[in-house]
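Comments concern the structure below.
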Number of protein chains: 2
Amino acid sequence: MTIGEVSEKFQMTADTLRYYERIGLIPPVPRKKNGIRDFDEQSCKWVAFVKCMRSAGVQIEALIEYVSLMQKDTGIERRKNILIEQRARLQQQAETLRTTIERLDYKIEHYEELLLKKH
Amino acid sequence: MTIGEVSEKFQMTADTLRYYERIGLIPPVPRKKNGIRDFDEQSCKWVAFVKCMRSAGVQIEALIEYVSLMQKDTGIERRKNILIEQRARLQQQAETLRTTIERLDYKIEHYEELLLKKH
DNA sequence: CTATCAGCTGAAGTCGGCTTTAAGTCAAGT
DNA sequence: ACTTGACTTAAAGCCGACTTCAGCTGATAG
C-alpha cells in the first residue's frame, strides 16, 4: 500500500505518517526499489496501534521506547511494563472522566428542571 | 482564604489561580480592602469545578463562555447546551479510552504468557 | 526591621504535537 | 510529454495551556 492509501484508510495525513516513521513512532516502513514506502500488513498494524494509543492520549515518548524495543526484539519485561504503566494512566484518566461526566449530568439535570419551571 | 491556602488546598500554583481569574476561567474573586484576594465558598467551588473540568480535558474556551454567561446571569439554554456538548465530548473520549485499555489488556496478557513459557 | 506573602501588568518562554515550507528529485501512468 | 504522487532533510511555524519573569508596591507577622 502507498502512503496515500494508508492515510486514506486511517484518516490521517501522509505527512503525519512520515512524521511518525521519522521519530520512531512506527518502525521503518519497507520500501520498493525506488524508495517509495510500501506499507505491508505489519506496518498497517503499527499504524493502527499507534493511532489507537495516541487517540487515548498515550505519550509519544512511551510509544517510541516500546517500538524501539520491539525492533531490537528485546526487553520483553520492560515492554510489558511500559504497557502496564500506560494502562494505569489511562485507567486513571477514565476514572477522572467518569466523575466529571457525573458532575456534568448533575448540572444538566438542574438546568432541565429550571427550564421546565420557567414555563 | 488567601490565594496561598487555596493553591495548597487544590494543589495548583497561585500563579495558575491568578491566571484563571485573569482569563475569565473563574469569576472575579472577592478582595479585602487592601486588594488581596479573599476566596469564599463560591470562589472555591468555581476552582473545584474548573479543576475537575480541566482535568478531564474540557476546553478552556467552553468554560470561559460558560463562566461569562453565569456572571451575566443569562443564557440558561445556552449554558445547558455547553454542558451537554462537553459531556458528549467526554463520553466519546471515555469510549476511546475503553477500547484502548482493552487493547492494552490483550497485549499485556500476551506478554504474561510469553514470560511464563520462557521459564 | 526584615522576611514573607500578597498584589499588578504585560510580555516572553516552554512544551507537546503536529503542520508546513523550501527546494528540489524520481518514477509510473495516460 | 505531462500529470500525479511519491520521495528527501531541516527548519520554521502554529496552537493551546500554562509558566515564568521583570520590576515594581504594599501589608502583616515575628
Pair Gln92(A), Arg89(A): side-chain N/O donor-acceptor within cut-off below 3.5 Å: no

Distance-only side-chain donor-acceptor flag, Gln93(B) / Gln93(A), under 3.5 Å: no

[options]: which one has an atom nearest the side-chain heavy atoms of [X]?
| X | options | result |
| --- | --- | --- |
| Tyr19(B) | dA17(D), dA27(C), dA6(C) | dA17(D) |
| Tyr20(A) | dC7(D), dC18(C), dA6(C) | dC18(C) |
| Arg31(A) | dC7(D), dT28(D), dA6(C) | dC7(D) |

[X] [atom1] - [N] [atom2] separation (whole Å):
| X | N | atom1 | atom2 | result |
| --- | --- | --- | --- | --- |
| Phe39(A) | dC7(D) | CZ | P | 7 Å |
| Glu61(B) | dC18(D) | CD | P | 13 Å |
| Glu5(B) | dC5(C) | CD | C1' | 11 Å |
| Ile36(A) | dC26(C) | CD1 | P | 13 Å |
| Met12(A) | dC18(C) | CE | P | 8 Å |
| Asp38(A) | dA28(C) | CG | C1' | 14 Å |
| Lys33(B) | dT28(D) | NZ | C1' | 15 Å |
| Ile23(B) | dA17(D) | CD1 | P | 8 Å |

Short side-chain N/O contact to [N] OP1/OP2 from [X], under 4.0 Å:
| X | N | result |
| --- | --- | --- |
| Arg37(B) | dG7(C) | yes |
| Arg22(B) | dA17(D) | no |
| Thr16(A) | dC18(C) | no |
| Arg18(B) | dC8(C) | no |

DNA chain C: 5'-proximal contact among Asn34(A) and Leu25(A) (nearest heavy atom): Leu25(A)

Salt-bridge present (Arg87(B), Asp105(A); N to O < 4.0 Å): yes

Rounded distance [0.5 Å steps], OG1 in Thr96(B) versus CG in Leu90(A): 11.0 Å

Pairwise distance CZ(Arg78(B)) to CG(Leu83(B)) - rounded to 0.5 angstrom: 10.0 Å

Test side chain to side chain donor-acceptor pair (under 3.5 Å) applied to Tyr111(A) and Glu77(B), Arg79(B), Lys80(B), the passing residue: Arg79(B)

Lys/Arg cation over aromatic Phe49(B): Lys107(A), 6.0 Å, 45° cone: yes

Touch class at under 4.0 angstrom, heavy-atom based, for Asp15(B) against every strand present: base

Neighbours of DNA chain D within residues 48-60 of chain B, by heavy-atom distance under 4.0 Å: Arg54(B), Ile60(B)

